[in-house]
Amino acid sequence: MTAPAPQVFGTLPDGREVTAHTLTAPGGPVLRILDLGATVQALHLPDRAGGPGTNVVLGHPDAAGCAAPPEAFLGAVVGRYANRIAGARFDLDGRTVDLAANEGGNTLHGGPDGFHRRTWQVVDVRPDRLVLELVSPDGDQGFPGRLTVRAEYRVTGRTVTLDLQARTDAPTVVGLASHVYLNLAGEGSGSIEDHLLTVDADHYLPVDPDGLPTGGPAPVAGTPLDLTTAARLGERMRSEHPQTVAAGGIDHSFHLRGTGLRAAARLEHPASGRSVELWTDQPGLQVYTGNALDGAITGTGGRSYPRGAGLALEPQRHPDSPNRPELSDPVLRPGETYRSRTEWRFRR
C-alpha cells in the first residue's frame with residue numbers, strides 16, 4: 001500500500017509551508033500529523049459502521065491558528081525540556097547554564113522557540129508510519145550540545161504509538177513529551193468534566209503558584225489528586241484543595257508506579273462508551289485539565305475551546321529535574337540515546 005501524499009496545511013507568517021500526513025491501519029484510528037512541531041492535529045476514531053468517526057483531540061484548523069496566540073501547544077512534541085525549569089537556569093558538570101525564559105522568569109516546554117515551533121524533516125513515511133527528525137544546534141534556547149531528535153508515529157490496530165529518541169554531541173538535559181489534548185466526547189464538544197480518569201500513581205508533586213515542585217513526592221491519599229480509582233474530572237477540577245485552587249484545576253506531575261512500559265492512565269467517557277489507556281516508559285505523567293484555555297482558540301470543528309476543553313496526559317521527566325535530579329535523571333551524554341515511548345490504546 002502506498003502512503004498518501006502529504007497535503008499542504010498552510011503557510012506561516014514567516015513564509016514556511018506546513019504539510020500534513022495522514023496515517024491509518026485497517027479498522028484503526030485515522031491520525032493526521034503536521035511537520036510543524038511533529039504535531040497530532042487530528043485523530044479520528046472510526047464508528048461502528050466503518051465511517052471516519054469522531055475526532056477526539058484538540059487541534060488548530062490551519063497554519064495561521066498554529067502561529068497565533070495564545071500558545072497552548074496543541075498536539076505538539078515539546079522540548080528540549082518539557083514542563084518547567086526554575087529560574088531559566090540549571091547547573092551541569094560544574095557550570096551554570098542560562099536558558100531563554102518564556103513563563104515569567106522560568107523556561108516552559110523548551111523556551112520561546114521550542115520544538116513545537118520548528119519544522120521537522122520527514123525522513124520516512126508509510127501508510128501506517130511516519131518518522132520525523134529535528135536537529136537542535138548547540139546553544140539552542142541556551143541548551144548545550146547539538147541534539148538530533150526523532151519522532152516516530154505508528155498506527156497498529158486501535159493503538160497509536162509515539163517513539164521519541166535523541167542523541168547529543170555534548171552533555172545536556174533532555175525531556176521530551178507529547179502535548180496531545182483528548183476529549184473522547186469529540187473535539188469542540190465542551191468540557192471534559194464528565195470524563196472519568198484513573199492514574200496509576202500513589203504520589204504526586206505539590207507545586208507552588210508558578211507550577212514548580214515545592215519538594216519531593218507527596219501521597220495522593222486524602223487529596224483530589226487521588227486518581228487511583230476512576231474519578232469524575234469535574235469534581236476534582238473544582239475542588240477547594242489549595243493545590244487545585246492555585247492551578248485552576250489539575251496541572252500536576254504524578255509519580256508513576258513501576259518502571260518500563262506499563263499502563264499509566266485510563267480515560268473514559270461513559271456517554272459515548274469510548275476509552276483510552278495510556279502506556280508509557282517514563283517516570284512521570286503530567287495531568288493538565290486545560291485550565292488556561294479560555295475560548296480564545298478556535299478548533300478544527302470551528303468551535304472555540306473553553307476551560308477544560310481537553311485533557312493533556314503528558315508522559316515525561318518530572319518538572320524542574322535539571323535542578324532537582326533526585327526527581328528524575330534528565331542528563332544525556334554523548335554515546336547515550338534518550339528514548340521515550342507513549343501508546344494510546346483506544347477502546348469502545
Side-chain angles (χ1 to χ4, degrees), residues 29-34 36-37 39-45 53-78 82-83 103 108-109 116 160 177-199 211 224-225 227 230-239 244-252 265-276 278 285-315 344 346:
V30 178
L31 180 67
R32 196 177 200 209
I33 307 294
L34 306 181
L36 179 68
T39 295
V40 174
Q41 190 261 344
L43 196 164
H44 284 83
L45 300 182
T54 302
N55 177 21
V56 295
V57 302
L58 307 192
H60 294 289
D62 49 36
C66 294
E71 194 166 55
F73 310 97
L74 299 184
V77 171
V78 293
N83 219 306
E103 189 185 56
L108 173 66
H109 293 330
H116 63 294
V160 174
S178 168
H179 211 296
V180 167
Y181 290 78
L182 293 160
N183 187 324
L184 298 179
E187 177 273 338
S189 63
S191 174
I192 41 85
E193 291 189 6
D194 60 347
H195 286 50
L196 304 178
L197 178 63
T198 308
V199 177
L225 301 176
L227 303 170
R232 189 176 184 276
L233 278 171
E235 298 168 2
R236 304 307 174 90
M237 293 164 61
R238 294 193 300 271
S239 166
T244 48
V245 169
I250 301 173
D251 189 8
H252 294 81
R266 178 180 177 86
L267 183 66
E268 305 167 75
H269 184 243
S272 67
R274 299 185 188 103
S275 67
V276 58
L278 184 139
L285 180 70
Q286 187 80 14
V287 176
Y288 175 54
T289 50
N291 313 326
L293 298 174
D294 60 2
I297 294 174
T298 299
T300 53
R303 295 177 289 271
S304 63
Y305 293 154
R307 177 176 177 269
L311 175 71
L313 300 172
E314 309 161 54
W344 296 270
F346 293 95

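Side-chain contact between M237 and T244 is absent, with no heavy-atom pair separated by less than 4.5 Å. Contact annotation: the side chain of F73 approaches that of L108 to within less than 4.5 Å [non-hydrogen atoms, C-beta and beyond]. Two residues are said to be in side-chain contact when any heavy atoms from C-beta on lie closer than 4.5 Å; I297 and L74 meet this criterion. Side chains of L43 and V30 form no contact here, defined as non-hydrogen atoms less than 4.5 Å apart. Between D194 and R232, some side-chain heavy-atom pair lies under the 4.5 Å cut-off.
The list of side-chain hydrogen bond (donor to acceptor under 3.5 Å, both in side chains) pairs with a residue in residues 58-68, not counting sequence neighbours, is empty.
Between L293 and Y288, the closest heavy-atom pair is N-OH, 4.5 Å. Of all the heavy atoms in G186 and S189, the pair that sits closest is O-OG, 2.6 Å. Nearest heavy-atom pair, L182 versus V276, reported as atom, atom and distance to 0.1 Å: CD1-CG1, 4.1 Å. Closest heavy-atom contact between A309 and N183: O-ND2, 2.9 Å. Closest heavy-atom contact between A265 and L313: CB-CD1, 4.3 Å. Heavy-atom minimum distance, L58 versus G188: CD2-N, 4.5 Å.
For the 3.5 Å distance criterion, the side chains of Y181 and E187 fail to qualify, holding no donor opposite an acceptor. Using modelled atom types and a 3.5 Å distance limit, the side chains of N83 and H109 yield no donor-acceptor pair. Inspection of the R274 and T54 side chains reveals an N or O donor paired with an N or O acceptor under 3.5 Å.
A distance of 11.0 Å separates CG in L233 from NE2 in H269, rounded to the nearest 0.5 Å. The structure places SG of C66 at 11.0 Å from CD of E71, a figure rounded to the nearest 0.5 Å. Annotation: the span from L34 atom CG to H116 atom NE2 amounts to 13.5 Å, rounded to 0.5 Å. In this structure, R238 CZ and T289 OG1 are separated by 11.0 Å, a value rounded to the nearest 0.5 Å. A distance of 7.5 Å separates OG1 of T198 from CG of L196, quoted to the nearest 0.5 Å. Put simply, OG on S275 and CZ on R266 are 4.0 Å apart, with the number rounded to the nearest 0.5 Å.
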Y305 vs D294, side-chain contact (heavy atoms from CB on, under 4.5 Å): CA-CA, chis, key distance, verdict = CA-CA 7 Å; Y305 293 154; D294 60 2; over 6 Å; no
query = For S178 and E314, what are the C-alpha separation, side-chain angles and deciding distance, and is it a side-chain contact (heavy atoms from CB on, under 4.5 Å)?
reply = CA-CA 6 Å; S178 168; E314 309 161 54; over 6 Å; no
request  = May I have the step-by-step check of side-chain contact (heavy atoms from CB on, under 4.5 Å) for V77 and T39, ending in yes or no?
outcome  = CA-CA 6 Å; V77 171; T39 295; over 6 Å; no
inquiry  = side-chain contact (heavy atoms from CB on, under 4.5 Å), that's the test. Do R236 and S239 meet it? Break it down for me.
reply    = CA-CA 5 Å; R236 304 307 174 90; S239 166; 5.6 Å; no
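Side-chain atoms of N291 come within 3.5 Å of backbone atoms of I250 as a donor-acceptor pair (strictly under, hydrogens ignored). One N or O on the side chain of H195 and one on the backbone of L184 form a donor-acceptor pair closer than 3.5 Å.
Partners of R307 under the salt bridge (charged side-chain N to carboxylate O under 4.0 Å, His left out) rule, at least two apart in sequence or in another chain, do not exist in this structure.
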